[in-house]
Protein chains: 4
Amino acid sequence: MNCPFSSKPRWARRKEARPQELLAAALDIFVERGFAATRLGDVATRAGVSKGTLYLYFENKEELFKAVVRENMLPILDEAEDIIDSYGGSSADLFRELILGWWERIGATKVAGITKLMMAESGNFPELATFYREEVSARGDAMIVRMLERGVERGEFRAIDVRQTANVVIAPVIMLMMWQQAFNPCHAEPLDSASYLESFIDLCLNGLQMPPHPAPA
Amino acid sequence: MNCPFSSKPRWARRKEARPQELLAAALDIFVERGFAATRLGDVATRAGVSKGTLYLYFENKEELFKAVVRENMLPILDEAEDIIDSYGGSSADLFRELILGWWERIGATKVAGITKLMMAESGNFPELATFYREEVSARGDAMIVRMLERGVERGEFRAIDVRQTANVVIAPVIMLMMWQQAFNPCHAEPLDSASYLESFIDLCLNGLQMPPHPAPA
Amino acid sequence: MNCPFSSKPRWARRKEARPQELLAAALDIFVERGFAATRLGDVATRAGVSKGTLYLYFENKEELFKAVVRENMLPILDEAEDIIDSYGGSSADLFRELILGWWERIGATKVAGITKLMMAESGNFPELATFYREEVSARGDAMIVRMLERGVERGEFRAIDVRQTANVVIAPVIMLMMWQQAFNPCHAEPLDSASYLESFIDLCLNGLQMPPHPAPA
Amino acid sequence: MNCPFSSKPRWARRKEARPQELLAAALDIFVERGFAATRLGDVATRAGVSKGTLYLYFENKEELFKAVVRENMLPILDEAEDIIDSYGGSSADLFRELILGWWERIGATKVAGITKLMMAESGNFPELATFYREEVSARGDAMIVRMLERGVERGEFRAIDVRQTANVVIAPVIMLMMWQQAFNPCHAEPLDSASYLESFIDLCLNGLQMPPHPAPA
DNA sequence: GATGAATGAGCGTTCATTCAT
DNA sequence: TATGAATGAACGCTCATTCAT
């Protein structure tokens, strides 16, 4: 009440933290099981509340999922866009930066599971698909495109079909995320992601670099 | 009876065709909806039979799914292995052959949906995961590894980490399959798969080719 | 074909034996599982025929069951009635004879399972209940009543309520049958039926014998 | 709120009563139809709730059945054991007491149907069989054994095979229960249980009593 | 006579969502 | 704000019975 160190009583702090706790629990379970297979009862249990409480904060399962995506992915996209906007180094370095940054912030974390989940289940939940495409995929794609265009414009990368190459470049990163999810049960042994990314970046930068100039006569 | 060209009554022909009809219907719906979301009632309806009839041919949902995989994927793997065994041309051409063949026989067809489905749901159905890994993934991986090793041994590709590169190389193909599935709802516009594959093969072969020899003094 | 020792070709013998084979298989499975839990498919399989064939010989599950009862129980009741009709010895011996005969012919065999089954499921299948009561239970009861009446009339048993005592006397025999069925799972260890029957007969004959005459003054 | 006599809202009273209502409905229907033939939908309907509600209180059909047994039989066994422990009268009277008590508390009530059901279906549901044997049958048997041993030790009963006699003595009581169930459809007319028990006790005590001493010379 | 493919009603169980408290 | 009891529609699977061959 009159606690000198905090203007808020503990229960109020609790109340404000609720949505975060719910989102954390939901992320865990959505990622473990997928969207359809997640039982809201499990989310509530893990968050230490009752099932009904979930509905005080989120209208339904889909809205809960959207909130999880917003909470966990949008801030990272914001930061990545900032990096591109202000980058000063070579485009090869920017490539590295973006890929490894993505990996560190998303690919190597639980959040990667959301991407996997969306690839898998968007067909059954069209509203989620639209939401995810507009708020996440489109922004990610655009960033890769901008980075490749920058390389071509600056004469660092050879002339390529930027759009398609962006897709090709994104693919192995997404696949790595999928394979990493829970020692992906379709792969016998877990991938070593560091060396996978090294192979990937190596292959790409080799593939993108300008062809050797023909020796002048 | 009095049909001069067939000694079999219509009914018997029907009976022999049943499993194929059921597998075709099952493939459609598994691919449309995923494993968990597929209702056996829908499969039966699409095949034009009753729910009970399914159980005359397949013990349960998992066995039905395995049969779909066996029917649609194993013959293609057999053929691809034959091609590698007997290939005479350059490794770059073999690379093209395998990728484009895979695309034509699987990626561009409904069957691609099985791969997507497995990535998505293997975590929830461990027995299916094991089955798929052993009978499909492991064989596909091994083929790519053999192709890359062949290129390195013959001095056509530079020295690379064959295992990891195989993973990197497989990834964009799998991603393309996933994106193609039903105008994948995470992508606004469908990819042009021909040009995607061209970009992909181009990038890879550029990335794999031997570095230019330094000009002799 | 022209076998000199049999005027019937083998397949004709087969055809005539069919119903017996079906009844034997049905007895086995009805006794193992009960009426409701018996699947006609299992009966057919055990008899080595198809499910449809069953319906050539028996109208439905209930009629099959009735045929099993008629085949296995009625002849034994016939014989027991003959014995009572013509018995010459003491009533205590007749008591023994009936009980042990029943045990030997029914109690110790698979047929005992039918009695157990009827006790259990008659409530759910009223038509079977009526059939069994009229064709089996009523005749068995009547035999015990006659035997007791004979003992009382001949001054070998004390004066008792014959009807009720008949019920009391039948009960332990029926229970023994039920306990014997498949090492009845409600009993840890199988009963030793010989000593059980000995205890039972001993108890009954002791209980039935004339009270000792008061010593005359 | 403003009800002066009860601090509990109707709803809360409801909630606490639920399990009892469900158990009562389940007892009714299990006894009417048997275990396998009982449809949980019917249980729910009789209790006035939806099918799903059942699963809030009982994990599945088997657990529901076990709960019915615990609720209805265990307390009675407890009391009966107390009686034996502290009994002061003759063993013949204790015999009467136990038999009539059992009859009054179980045999004459719906609960008797559970015993019938177990005899009938234990073969098809081994887990239930084990449960029932351990928690009910074994304790009942042990009580009869103790009562007979007491009679023999005190010189009230003649020397008998206590274990087998216990089985023989239990049998007519169990049979009576089975016959009583719903005017048991295998018996034309309902038994008069009072006179049946009288005949039974009479027969047993006559059969157990010490033989008359031979007249001393 | 014999087959066995086909049916379809039925049951145990699950879970997102609601709402009285 | 928080609860958790209640719902009811949905789905995988079974099996007695039918009937074209």
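Reminder, nothing fancy here: chain letters follow the sequence lines and each chain counts from 1.
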Carboxylate-amine/guanidinium proximity below 4.0 Å for C:Lys66 and C:Glu59 | no
Atom pair OG1 (A:Thr38) and CG (A:Leu40), whose distance is rounded to the nearest 0.5 Å | 8.0 Å
Mind calculating the distance between CD (B:Glu63) and P (F:dC13) to the nearest angstrom?
-> 11 Å
Checking B:Lys110 side chain against B:Glu32 main chain: does a donor-acceptor pair fall under 3.5 Å?
-> no
Is a side-chain N or O of D:Glu135 found less than 3.5 angstrom from the main chain of D:Arg70, in a donor-acceptor match?
-> no
For A:Leu56, which contact category applies under a 4.0 Å heavy-atom criterion: base, sugar-phosphate, or nothing?
-> base
At under 4.0 Å between heavy atoms, what does D:Lys61 touch on the DNA or RNA strands: base, sugar-phosphate, or nothing?
-> sugar-phosphate
Taken to the nearest whole Å, CD1/D:Ile29 to P/E:dC11 is 12 Å
Considering heavy-atom distances to DNA chain E, does D:Glu59 or C:Val49 have its closest nucleotide positioned more toward the 5' end?
-> C:Val49
Nearest-Å distance for atom pair NZ/C1', residues A:Lys51 and E:dT17 | 8 Å
Starting at atom CD of C:Glu62, determine the distance to atom P of F:dT17, rounded to an integer number of angstrom.
-> 8 Å
Can any side-chain N or O of D:Thr130 pair as donor or acceptor with the backbone N or O of D:Pro126 at less than 3.5 Å?
-> yes
Closest nucleotide of DNA chain E for D:Ala37 versus for C:Leu54: which of these residues is on the 5' side?
-> C:Leu54
Do the side-chain N or O atoms of C:Tyr55 get closer than 4.0 angstrom to the phosphate oxygens (OP1, OP2) of F:dC19?
-> no
Round to the nearest Å and state the distance from D:Leu64 atom CG to E:dC11 atom C1'.
-> 15 Å
Calculate the interatomic distance between A:Asn60 atom CG and E:dC19 atom C1'; express it in whole Å.
-> 17 Å
So what does A:Thr45 touch, heavy atoms closer than 4.0 Å: a base, only the sugar-phosphate, or nothing?
-> nothing
Any side-chain heavy-atom pair from C:Arg46 and C:Ile29 closer than 4.5 angstrom?
-> yes
What's the CZ-P distance between C:Arg33 and F:dC15, to the nearest Å?
-> 9 Å
All stems with DNA chain E, defined as three or more consecutive Watson-Crick or G-U pairs under 3.5 Å = E:2-21 with F:2-21
Between E:dA6 and B:Thr53, is there an OP1 or OP2 to side-chain N/O distance shorter than 4.0 Å?
-> no
What is the distance from CG of B:Leu40 to C1' of E:dG8, rounded to the nearest Å?
-> 15 Å
Non-neighbouring partners of C:Phe35 that pass ring-ring contact (aromatic ring centres under 6.0 Å, His included), sequence neighbours left out = C:Phe30, C:Phe65, C:Phe125
Could you check C:Gly52 against B:Ala36 and say which one's nearest nucleotide on DNA chain F is further toward the 5' end?
-> B:Ala36
Is the phosphate of E:dA5, meaning OP1 or OP2, less than 4.0 Å from a side-chain N or O of B:Tyr57?
-> no
